[in-house]
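This chain uses plain numbering: 1 for the first residue, then up along the sequence. Both ligands and their constituent atoms are indexed starting at 1 by order of listing.
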Amino acid sequence: MTFEFAAVLARRHLDVSFSVQPGETVALLGSNGAGKSTVVQISAGLLRPDSGHASLAGQVLFDLPGASAASSSARTGTDAGARPRTGTWTPPHARGTVLLAQEPLLFPHLSVRDNVAFGPRSAGIPRAAARELAEEWLVAADVADLADRKPGALSGGQAQRVAVARALAARPRLLLLDEPMTSLDVAAVPAQRQLLHRMLSDRSVILVTHDPLDALALADRVIVLEHGRIVEAGPTRDVFANPRTEFTRALTFGLTPGTAESREDGLT
Ligand SMILES: Nc1ncnc2c1ncn2[C@@H]1O[C@H](COP(=O)(O)OP(=O)(O)OP(=O)(O)O)[C@@H](O)[C@H]1O
């Protein structure tokens, strides 16, 4: 499920191109206002860029004309700028993407089970089969015992686990995680990170995070944004072992004063 992305959105100073390979988790890092959420929102179809091109597993998500997008594509060596753009805009529900944001945003009137079954039901799977699928995802997320509860009766960490199960039950081709642990109590973060580590392996994922531990534990590759541009990118451990920007140097320093080897030992 290769994801190709090139987009320009002038009012947010964004001009970014990158790709996500099948089964790869890519972390988007960068300081406040760098453009991370904007990339995710454009990918999900919640925000329309001025110009650019994106495709997922060969399906065009958008293909919008504009001089800047062509120069952006040319710069990255993709061929999207070499031909006339079609004006294609695929709506969010038809993209095969699922966005999991800071707040779990579960449907309050549905049980946990029916929240997770919602995606399969929307895809046309009959009620009983959808509920069975939901049960399987709830087991995988270690929250099967909460199936009959309403979201209002869950803790923040439990609700995020259910949200992960609901996101994956929808069988996304690309999972978009925008700071999925920010609203959690600090004590709940390691368990949630462990859950994501288990459930994200072999999926195509974009993960927005401020936490270098998330990137180290979950991402194959990191992309660092600054003022809407990519300023650093590479395999996670390479970037953290040899930080090239002030941002990643500060992140690395904050993480541990030790060597790259000691960080690896600490996390694996
Ligand atoms: N709803 C909005 N309306 C107008 N401008 C916005 C909006 N949201 C973000 N911006 C602007 O777009 C730019 C990119 O913001 P974005 O939210 O994508 O950054 P971010 O890297 O996700 O930041 P953070 O880490 O603070 O969440 C910033 O200049 C920001 O001020």
Notebook entry, point to check: With respect to D63, which candidate in T90, T88, T86 satisfies the side-chain hydrogen bond (donor to acceptor under 3.5 Å, both in side chains) definition?
Noted result: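 Only one of T90, T88, T86 forms a side-chain hydrogen bond (donor to acceptor under 3.5 Å, both in side chains) with D63, namely T86.
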
Notebook entry, point to check: Should the pair D178-K36 be classified as a salt bridge under the 4.0 Å nitrogen-to-oxygen rule?
Noted result: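 Salt bridge flag = no for K36 with D178.
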
Next item on the list: In plain terms, say whether D142 and R198 are close enough for a salt bridge, that is, a side-chain N and a carboxylate O under 4.0 Å apart.
Entry: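 Looking at D142 and R198, the cut-off is met.
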
Show me which atoms of ligand 1 lie under 4.0 Å from any heavy atom of [X].
{"X": "N32", "result": "23 (O), 24 (P), 25 (O), 26 (O)"}
{"X": "A34", "result": "19 (O), 20 (P), 21 (O)"}
{"X": "H210", "result": "25 (O)"}

Under the 3.5 angstrom rule, does the side chain of [X] hit a backbone N or O of [Y] as a donor-acceptor pair?
{"X": "Q158", "Y": "S155", "result": "yes"}
{"X": "Q59", "Y": "A94", "result": "yes"}
{"X": "E232", "Y": "T245", "result": "yes"}
{"X": "R161", "Y": "A141", "result": "yes"}

Nearest-neighbour protein heavy atom for [atom], which is reported as residue plus atom name and distance:
{"atom": "atom 19 (O) of ligand 1", "value": "G35 N, 3.2 Å"}
{"atom": "atom 21 (O) of ligand 1", "value": "K36 NZ, 2.8 Å"}
{"atom": "atom 15 (O) of ligand 1", "value": "T38 OG1, 3.8 Å"}
{"atom": "atom 17 (O) of ligand 1", "value": "S37 CB, 3.8 Å"}
{"atom": "atom 13 (C) of ligand 1", "value": "G33 O, 3.8 Å"}
{"atom": "atom 5 (N) of ligand 1", "value": "R12 NE, 3.8 Å"}

Donor-acceptor pairs under 3.5 angstrom involving side-chain atoms of residues 114-129: please list them, not counting sequence neighbours.
| unit_1 | atom_1 | unit_2 | atom_2 | d |
| --- | --- | --- | --- | --- |
| D114 | OD1 | R131 | NE | 3.1 |
| D114 | OD1 | R131 | NH2 | 3.1 |
| D114 | OD2 | R131 | NH2 | 3.0 |
| N115 | OD1 | F107 | N | 2.7 |
| N115 | OD1 | R166 | NH1 | 3.3 |
| N115 | ND2 | F107 | O | 3.1 |
| N115 | ND2 | L110 | O | 3.2 |
| N115 | ND2 | S111 | O | 3.1 |
| R121 | NH1 | I125 | O | 3.2 |
| S122 | OG | F118 | O | 2.8 |

Notebook entry, point to check: Judging by distance only, is a nitrogen or oxygen of H13 under 3.5 angstrom from one on ligand 1?
Noted result: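 Min N/O separation from ligand 1 is not below 3.5 Å for H13.
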
Checklist line | Residue part near ligand 1, for Q41, under 4.0 Å between non-hydrogen atoms | finding: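 It is neither; nothing of Q41 touches ligand 1.
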
Notebook entry, point to check: Can you tell which part of E179 has a heavy atom less than 4.0 Å from ligand 1: side chain, backbone, both or neither?
Noted result: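 The answer is the side chain.
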
Next item on the list: Using a distance threshold of 4.0 Å (strictly less than), state whether atom 31 (O) of ligand 1 has a protein heavy-atom neighbour.
Entry: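 So far as the 4.0 Å threshold goes, atom 31 (O) of ligand 1 is out of reach of every protein heavy atom.
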
Notebook entry, point to check: Under 4.0 angstrom from atom 7 (C) of ligand 1, is there any protein heavy atom?
Noted result: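 At least one protein heavy atom is under 4.0 Å away.
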
Notebook entry, point to check: Can you find a pair of side-chain heavy atoms, one from L154 and one from V162, that are under 4.5 Å apart?
Noted result: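 Sidechains of V162 and L154: in contact.
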
Margin query: Could you work out, with side-chain contact (heavy atoms from CB on, under 4.5 Å) as the rule, every residue matching T38, not counting sequence neighbours?
Written below: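 side-chain contact (heavy atoms from CB on, under 4.5 Å) check on T38 returns L9, R12, L14, I42, L47.
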
Margin query: Is S31 close enough to touch ligand 1? Criterion: a residue heavy atom under 4.0 Å from a ligand atom.
Written below: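 True for this residue.
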
Check: Within less than 4.0 angstrom of ligand 1, does G30 place any heavy atom?
Finding: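 No, that is not the case, since the closest heavy atom of the residue is not under 4.0 Å from the ligand.
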
